[in-house]
Amino acid sequence: MLVRSGHSRGRRGARRTIGAALRCCAPALLGASLALSLGCSGAAPPPPARPARVVKTPPAQPKAPEGPPLLPAHVIAELEDEDATPYLARRGDEALLLYAAGGRWRTRVLGADGAPRGDAADVGPAAADVPVAALRAVPQGYIAAWIEQAGGSRTVRVLALDPAGKPTGPASLVAQTAEEITWLEVLPNAAGALVLWEMPREDRVDVVMTVVAQGKGGAAIKPTAPTSVAREVLGWNAVATERGAAVALVLPPAGGGRKPAPKADTDADAAAAQKLGSVALLEIDPAGKVSGPVTVSPEPTAQIDLEVVSVGGRYLLTWTDERDIDSAVYLAAVEPGGKVVVAPRQATPPSGEQALVSLVAPSAEGGGRALLAWEDLLRPRGADGAAEPGGQGRLIHLAAVGPDGALSAERAGLVFSASGPPDLAADGDGFAAVTLAPAALKAGGGEAAPIWPTFVRFGPDLSVRAAEPVRAAPFAATDGVPYLVRGLSCHKGACATLASAAAGAPAPQGGAATAPSSRGGATTAPSPQGGAAAGRAPLAVVSLPVRESPWRAPAFREDRDPPPRATAVRALFEGDSLAKVAAAELDGGAAMAAWVTYFVEGASNRAPRGQDLSATLAVRAASPGGLGKLSVISQKASSIGGVAIAAAPPAPADAKGKGGAPGESVIAWVARERGETQVYVTKLDATGAKVAQKKLTTAPRKKQGGVASEASDVAIAYDGAGGFIVAWVDTRDGNAEVYAARVDRALNRTVPDRRITNAPLDAAEVQIAVRGQEAWLVWSDARPAGGAAAGGAGDQGGEASGDIFLARLDVKTLQRIGDETRLHASPEHSRSPVLAPYEGGAVVGWVDEAAAEGAAAGGGGARGLARFVRLDGGGAVQGPPLTVAAPDGAPVMSVALACDKVCRGVLASAPGDSMALNAFTLAPGEAAAPAMKPLAWLTGSASQDVSPAFAGRSGASLIFADDAVSGSGRVRWMTIAWP
């Protein structure tokens with residue numbers, strides 16, 4: 001079956017219209033009219049046809065590796081157009097090739113090894129414009145069907161062929177219309193075949209059918225008049241069965257009719273919503289009798305990428321579903337007759353946005369397991385979990401699935417360096433794939449690898465049995481690499497694929513294709529026309545053997561991936577872009593996430609007249625048992641104020657059992673009212689519901705003839721004695737200084753606002769942690785090195801660049817203990833500090849950004865490095881900072897840090913214009929930088945970085961923000977397995 005790529009599916013509008021988007025890009029990306037005759041899916045606008053599993057070699061390539069042998073191959077035809085589509089159908093140990101040449105349809109019988117058996121046969125005239133055709137084996141031989149386009153007319157024709165590929169009569173005219181016909185499928189059965197095609201109706205399609213019956217010996221073909229299968233559906237997919245055929249449908253929402261067309265581009269999301277529907281299934285018997293549709297999934301949340309296969313006597317259906325914030329791949333199973341035996345359910349654990357790639361039926365000799373392929377948009381890319389240089393690889397996930405809809409524990413990852421789907425096929429009790437991936441030798445160095453079509457053979461447990469590039473002698477002019485590869489098929493443990501050269505490519509000398517066999521010999525076959533003529537493209541069958549190979553496989557067993565790794569990712573919120581996220585661990589191990597959206601004052605007109613709206617502040621609890629209710633705390637929050645959250649344990653009861661209190665959490669945030677900002681504290685219960693709220697500051701903000709002062713960058717920590725300490729940055733005294741205050745459990749102030757810093761330049765991004773009877777604050781400060789209160793390690797004179805400072809406060813009075821300490825002085829700008837208690841002291845991390853000029857001076861010269869220092873119980877720095885760089889030299893954007901018995905961290909970096917999360921374990925005191933393990937690639941761009949935050953000291957729960965492709969902001973919760 002044909003599948004749409006999950007990679008280019010963005011959330012909402014961008015992803016829901018993927019069918020049209022891929023159809024538009026198919027000619028440029030994959031070549032024109034490259035559709036295989038294998039299934040169908042989704043509503044279709046006018047041609048071009050749907051993208052097929054065609055792997056096209058990029059024209060610009062690095063130097064090819066030398067040495068490895070080529071694959072066995074046979075030249076079987078010459079194509080007049082390098083992008084023309086040949087069709088191949090297997091029947092027992094033979095196969096039949098169908099292709100157009102010289103205005104005629106031609107067939108050629110191939111042996112089990114792909115070698116031609118006799119010359120090509122002329123089977124009838126071929127129209128100049130055939131956008132889609134299909135060829136299928138039937139008991140009497142083969143049936144071919146195709147769509148012809150001529151002027152304003154569309155015609156469907158059917159041709160019966162005997163086992164030798166000879167026509168049993170002329171092609172039959174089945175349908176002719178002035179309307180569009182955009183897809184066609186042949187579904188064989190014991191009596192002949194059902195031929196289905198689709199006709200677009202604006203954003204929907206009608207599915208039409210004819211019954212093709214063959215007489216004894218296949219001598220007569222009798223198509224019936226076209227009849228309707230389904231009208232105005234959003235998408236469809238069909239599978240041939242012993243009972244005739246089963247057709248899966250995506251139906252538009254009932255009762256609503258069509259939604260009005262969008263008035264402008266800004267309404268694209270509303271238009272895309274029309275592409276979601278419910279899932280139903282109907283059956284057609286061999287005589288063409290259509291059953292009534294059975295509802296499989298009533299929720300109108302299915303995308304149009306629906307697929308259906310027959311597994312173990314059941315129909316297995318799968319699709320991308322949007323019933324939750326993140327799209328997910330869903331599965332359901334239906335018995336013949338229409339009984340839903342496996343209700344729709346998510347196929348895999350939540351992992352952020354998912355998209356279906358393919359569902360492959362099991363082979364006749366392999367038994368009852370299909371192959372599910374999908375893509376997680378928030379997962380590491382590339383083989384062995386590593387990101388491919390330059391983002392050259394997507395990661396397609398593979399798992400076997402039985403008739404009960406349960407996925408196997410064994411999982412494989414497959415690299416695919418293109419926006420279309422890879423070619424997948426059942427291979428006995430295993431599977432095979434042809435993908436596009438970097439071609440590198442196992443013993444090769446770090447040089448750039450060319451992107452070549454590569455095959456992979458998987459065993460029953462999805463372990464890689466063999467893998468190497470598709471290279472053969474007929475394509476010697478291009479290092480043995482063909483221009484196009486398509487039509488992967490396997491039979492009795494032997495796999496092969498069709499491959500073609502670009503038109504005009506030189507043929508091998510002597511007019512023969514020569515390639516080493518898997519036993520070290522050579523296989524030759526005469527070219528069907530005596531050598532490739534000028535302007536023609538040689539077409540070959542290339543065998544894909546299981547043999548020892550020096551090539552690095554573009555696939556691996558994912559379930560053997562060692563930790564750290566993400567075990568689940570769920571979206572907690574979707575809406576405006578995010579300015580800040582925060583997290584805390586609640587009693588019992590649940591996480592409480594808080595966030596504030598990004599809002600530019602005066603840049604939005606969303607507030608109703610007379611109302612004063614700013615950023616939105618919201619919270620949500622998350623645990624393995626499920627997600628809590630999303631609670632909006634305020635729509636008058638300040639984006640620059642940020643948000644912070646701290647949890648308090650349950651209060652003990654007295655001797656009589658009274659006075660106890662459940663665990664609670666308190667968030668600190670900044671509200672903007674009538675143009676002024678003040679710090680607030682809000683108490684929440686374990687569900688995230690607001691219990692109490694008070695204003696912490698009442699500072700006068702407006703100044704005569706000047707700019708009003710601002711409160712920003714809030715931080716909060718539980719003080720260990722039933723109260724909370726809040727810190728923030730305030731400009732009430734001119735420049736930005738750090739302030740702190742203390743409240744009790746009832747949010748009453750026990751220590752009023754206290755100014756902590758007094759420096760000539762600005763402070764920012766304060767963080768807080770309580771260590772026994774002390775509260776430690778760290779922040780970024782622009783004061784010059786060598787200036788006031790700069791008595792820390794490495795002080796040196798010079799201009800202000802921004803360094804990280806530490807202050808220790810008495811928990812009860814918030815009086816400063818000793819002088820402030822500069823943790824590290826460097827020419828870079830130090831920002832985004834994090835503070836994690838560790839043993840008797842703490843570990844502090846931050847990001848250093850080198851100035852544009854003179855970046856090579858001082859601390860390493862790279863833009864965007866992370867640094868970490870360990871502090872003892874007195875706040876003194878223990879040794880020089882440990883410098884940590886992101887993979888591939890990408891700039892570090894932010895850091896999350898949690899310390900318990902060890903310190904664990906997540907580094908957010910920006911390779912190119914994307915964002916990536918990498919996990920590491922930090923051993924304080926060691927001089928060597930820690931190894932990085934990719935966790936996820938985010939869907940948002942580097943300009944939308946929001947620092948990740950751990951909930952709790954174990955590092956098992958990470959809250960972070962990400963922007964979807966369509967531009968909406970998301971808060972995500974990731975659980976992480978650590979060593």
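The figures that follow rest on heavy atoms only: side chains count, while hydrogens, waters and symmetry mates do not. Bear in mind the structure is a predicted one, so any value in this text is a computation, not a measurement.
Among Val138, Ile143, Thr107, the single residue meeting the side chain to side chain contact (heavy atoms under 4.5 Å, CB included) criterion with Leu161 is Thr107.
In this structure a side-chain-to-backbone donor-acceptor pair under 3.5 Å is present from Asn237 to Leu306. Side chain of Gln303 to main chain of Thr320: no donor-acceptor pair is present (N/O by atom type, distance under 3.5 Å, no hydrogens or angles). The closest donor-acceptor contact from the side chain of Ser408 to the backbone of Ala399 lies at 3.5 Å or more, if one exists at all. For the pair Ser543 (side chain) and Pro545 (backbone), a donor-acceptor distance under 3.5 Å is absent. A donor-acceptor pair is defined here as one N or O able to donate and one able to accept, closer than 3.5 Å; no such pair exists between the side chain of Arg108 and the backbone of Tyr99. Remark: side-chain polar atoms of Asp479 are not paired, donor with acceptor, to backbone N or O of Val481 under 3.5 angstrom. A donor-acceptor distance shorter than 3.5 angstrom exists from the side chain of Asp81 to the backbone of Asp83, with no hydrogens or angles considered. For the pair Ser351 (side chain) and Val569 (backbone), a donor-acceptor distance under 3.5 Å is absent. Remark: the backbone N or O of Gly430 is not paired with any side-chain donor or acceptor of Arg457 at under 3.5 angstrom. Checked by atom type and distance alone, the side chain of Ser549 pairs as donor or acceptor with a backbone atom of Ala467 at under 3.5 Å.
Contact of the Tyr87 side chain with the Trp146 side chain is not registered, since no non-hydrogen atoms from C-beta on lie closer than 4.5 Å. Inter-residue side-chain proximity for Val186 and Tyr142 is flagged as unmet; no heavy-atom pair is nearer than 4.5 Å. Using a 4.5 Å cut-off on side-chain heavy atoms (C-beta onward), Leu96 and Arg91 make no contact. By the 4.5 Å heavy-atom criterion applied to side chains, Leu372 and Leu356 are counted as neighbours. With a 4.5 Å cut-off on side-chain heavy atoms, Leu331 and Leu316 count as touching. A 4.5 Å side-chain heavy-atom check between Val434 and Phe455 finds at least one atom pair inside the cut-off. The side-chain heavy atoms of His397 and Gln354, taken from C-beta on, include no pair separated by under 4.5 Å. Two residues are said to be in side-chain contact when any heavy atoms from C-beta on lie closer than 4.5 Å; Leu249 and Val229 fail this criterion.
Among all heavy-atom pairs drawn from Ala426 and Phe431, the shortest one is CA-CD2, 3.7 Å. Nearest approach of Asp93 to His491, heavy atoms of both residues: OD1-NE2, 2.9 Å. Closest of all the heavy-atom pairs between Ser297 and Arg323 is OG-NH2, 2.9 Å. Closest approach of Ala95 and Leu88 over heavy atoms only: CB-CD1, 4.0 Å. Nearest heavy atoms, Gly487 versus Asp423: N-OD2, 3.3 Å. Pro438 and Ala449 get closest at one heavy-atom pair: CB-CB, 3.9 Å.
Side-chain atoms of Thr318 and Glu307 form no donor-acceptor pair, as typed in the model, at a separation below 3.5 Å. Looking only at atom types and distance, the side chain of Thr348 has no donor-acceptor partner in the side chain of Arg411 under 3.5 Å away.
The CG atom of Asp559 sits 8.0 Å away from atom CG of Leu462, with the distance rounded to the nearest 0.5 Å. Rounding to the nearest 0.5 angstrom, the gap separating the CZ atom in Arg552 from the NZ atom in Lys442 is 10.0 Å. Here Thr301 contributes atom OG1 and Asp321 contributes atom CG; the two are 3.5 Å apart, rounded to the nearest 0.5 Å. A distance of 11.0 Å separates CD of Glu185 from CD of Glu198, quoted to the nearest 0.5 Å. Separation of atoms CG (Leu71) and CZ (Phe475) is listed at 10.5 Å; rounding is to 0.5 Å. One finds the CD atom of Glu410 at 12.5 Å from the CG atom of Leu398 (value rounded to the nearest 0.5 Å).
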Show your reasoning for whether side chain to side chain contact (heavy atoms under 4.5 Å, CB included) applies to Leu414 and Leu424. CA-CA 11 Å; Leu414 177 71; Leu424 300 169; 4.2 Å; yes

How far apart are the C-alpha atoms of Leu281 and Tyr315, what are their side-chain angles, what is the distance that settles it, and do they pass the side chain to side chain contact (heavy atoms under 4.5 Å, CB included) test? CA-CA 9 Å; Leu281 182 79; Tyr315 307 131; 3.4 Å; yes

Take Arg486 and Ser500 through the test side chain to side chain contact (heavy atoms under 4.5 Å, CB included) and record every step on the way to the result. CA-CA 9 Å; Arg486 72 194 110 193; Ser500 57; 3.4 Å; yes

What verdict does the side chain to side chain contact (heavy atoms under 4.5 Å, CB included) test give for Leu544 and Leu488, after you've listed the backbone C-alpha separation in whole Å, the side-chain angles of each residue and the deciding distance to 0.1 Å? CA-CA 10 Å; Leu544 312 176; Leu488 171 65; 3.6 Å; yes

